[in-house]
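By convention in this document, chain letters (A, B, ...) are assigned in the order of the sequence lines, proteins followed by strands, and residues within each chain are numbered from 1.
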Protein chains: 2
Amino acid sequence: MQSYTEENYLKIIYHLSEISHPVLTNAISERIQTKAASVTDMIKKLSEKGLVNYVKYQGVTLTDKGRSTAINIVRKHRLWEVFLVDKLNFKWDEVHEVAEELEHIQSNLLIERLDEFLNFPRVDPHGDPIPDKHGNFAELALVKLSKLKPGDQGTITGVSEHSSAFLKHLEKLSLTLGKQIQIIEVLAFDGSVELLVEQQKTNISREVAKYILITKS
Amino acid sequence: MQSYTEENYLKIIYHLSEISHPVLTNAISERIQTKAASVTDMIKKLSEKGLVNYVKYQGVTLTDKGRSTAINIVRKHRLWEVFLVDKLNFKWDEVHEVAEELEHIQSNLLIERLDEFLNFPRVDPHGDPIPDKHGNFAELALVKLSKLKPGDQGTITGVSEHSSAFLKHLEKLSLTLGKQIQIIEVLAFDGSVELLVEQQKTNISREVAKYILITKS
DNA sequence: AAAAATTTTTAGATTTGTCTAAATAATGAA
DNA sequence: TTCATTATTTAGACAAATCTAAAAATTTTT
């Protein structure tokens, strides 16, 4: 059994592992709003518990045990987000903070029943995949919108930036999950993208396009 | 804002206040599985925060602020219990531990939406009243089954003992919430009660009868 | 490759909530 | 009402998670 704090560290390390390997102390300290010295202490503790592999000055990687714990927290987080949006009518930019708390509730029965109640969703309200109870993710072929070529079509199935500001921006442009889009043009000088959503032409910056994930069709 | 632990103390003090006034240190320490010395420390802290009135050696009472905090936790606890039973098919003896954790989730929006989603329930799965968002309890005229006379009829609307063993026992006897009952006889020598539930005669001890709450009809 | 800058770790302190052991107050019995 | 018992508080210590300041290792620059 891990403490609330240990769980948070494992989750952060899991997410940062997708960017850099191994995960550096400072990367964790920035993400978790904690001084580097404190992170070192916690890393040592997690290492002693066999949840991470730690080499001084080199950073950490998750052990199998650490990874499966982290994935379970991610699973809980995303299932709760689906609950909040689908059942309690939260907006997709309102769910994160509450799910941060709910993800630490300890009860396997609760999560399995919740999963069932929500009809075994594969993705959360941001399009992020929800691992099953064994920690397996369904394969989704997602492509960044910024990688598409004129003429390409697809469905918005995810975002890789979750700030409220960004999500509200997308909402304003009607670029929400499930929407069909088609690329009209990619402007050479700034990489901004002109596209079609619901018969409407819209222009988005390259920055924004990078954070929108598409399933091509 | 109170810590998880402070919230638990307030909740326990609130519940114990219904039995004795003021609430003694040892009563808290027994209920919360903590040594009396630790309870004294926490009580002092709550007192400094203006959540309880504390007189050395005399025990504590809740201030208005402390009481409304406690009632809010009780509200959350009971709403979550309804959710677990009504939506996730938990049995009434399985909900307590999980609700103990869920009650500390911080989000007014969450609780208001949950309340709405559950259709503003007045009582939890054990028949305990759920205060509204202003902390007001709906009045329910509940009577202990042990106070009824032969011929009296009513509906089981609550229990005042929540142990899993007790609830399982009631389940076995079909004495669950909402069931109609009628008293056949109260045996003089041991106070045990013979009654009718779903056309079936059952006999329960005086002890059990004391913990079953009835709305007479 | 040495110096400078940055990152990470160590050492020692702090806060929260807990403990044990000892001291003090309140209660009950003779 | 005095003694014994029980309840409560005080004093000092500890574990978890954090901090600051200083030391050590690594990386970057020149």
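Where Ala36(A) and Val39(B) each meet DNA chain D at their nearest nucleotide, the meeting point lying more 5' is that of Val39(B).
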message = Would Lys11(B) and Glu103(B) count as a salt bridge (charged side-chain N to carboxylate O under 4.0 Å, His left out) here? Give the steps.
response = CA-CA 10 Å; Lys11(B) 182 186 61 172; Glu103(B) 73 191 5; 2.6 Å; yes
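In this structure, Asp41(B) atom CG and dT20(C) atom P are separated by 13 Å, rounded to whole Å.
The ring-ring contact (aromatic ring centres under 6.0 Å, His included) analysis of residues 62-84 of chain B, with sequence neighbours excluded, yields the pairs Phe83(A)-Phe83(B), His77(B)-His96(B), Trp80(B)-Phe83(B). Within the structure, side-chain hydrogen bond (donor to acceptor under 3.5 Å, both in side chains) contacts touching residues 106-120 of chain B (residues at least two apart or in different chains) are Glu7(B)-Gln106(B), Arg75(B)-Glu112(B), Arg75(B)-Asp115(B). Screening residues 105-132 of chain B for ring-ring contact (aromatic ring centres under 6.0 Å, His included), with sequence neighbours left out, gives His126(B)-His162(B).
For Leu213(A), the side-chain contact (heavy atoms from CB on, under 4.5 Å) partners are Leu142(A), Lys144(A), Ser160(A), not counting sequence neighbours. When the side chain to side chain donor-acceptor pair (under 3.5 Å) test is applied to Lys76(B), no partner is found at least two apart in sequence or on another chain. Take Glu194(A) and apply the side chain to side chain donor-acceptor pair (under 3.5 Å) test, not counting sequence neighbours, and it matches no residue.
For Thr25(B), a side-chain nitrogen or oxygen approaches OP1 or OP2 of dT9(D) to under 4.0 Å. At the phosphate of dT8(C), neither OP1 nor OP2 sits under 4.0 Å from any side-chain N or O atom of Lys35(A). Using a 4.0 Å cut-off, some side-chain N or O of Asn26(B) falls inside it from OP1 or OP2 of dT8(D). For the pair Ser38(A) and dC19(D), the criterion of a side-chain N or O lying under 4.0 Å from OP1 or OP2 is met.
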Donor-acceptor contacts, no H, no angles, side chain residues 47-59 of chain B, under 3.5 Å, sequence neighbours left out:
from: Lys49(B); atom 1: NZ; to: Glu6(B); atom 2: OE1; distance (Å): 3.0
from: Lys49(B); atom 1: NZ; to: Glu6(B); atom 2: OE2; distance (Å): 3.0
from: Asn53(B); atom 1: OD1; to: Thr61(B); atom 2: OG1; distance (Å): 3.2

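The side chain of Ala37(B) sits closest to dA11(D) out of dT18(C), dA11(D), dT18(D).
Taking every heavy atom of residues 97-105 of chain A and every atom of DNA chain C, no pair lies under 4.0 Å. Shown for residues 49-59 of chain B: residues whose heavy atoms fall under 4.0 angstrom of DNA chain D, namely Tyr54(B), Lys56(B), Tyr57(B).
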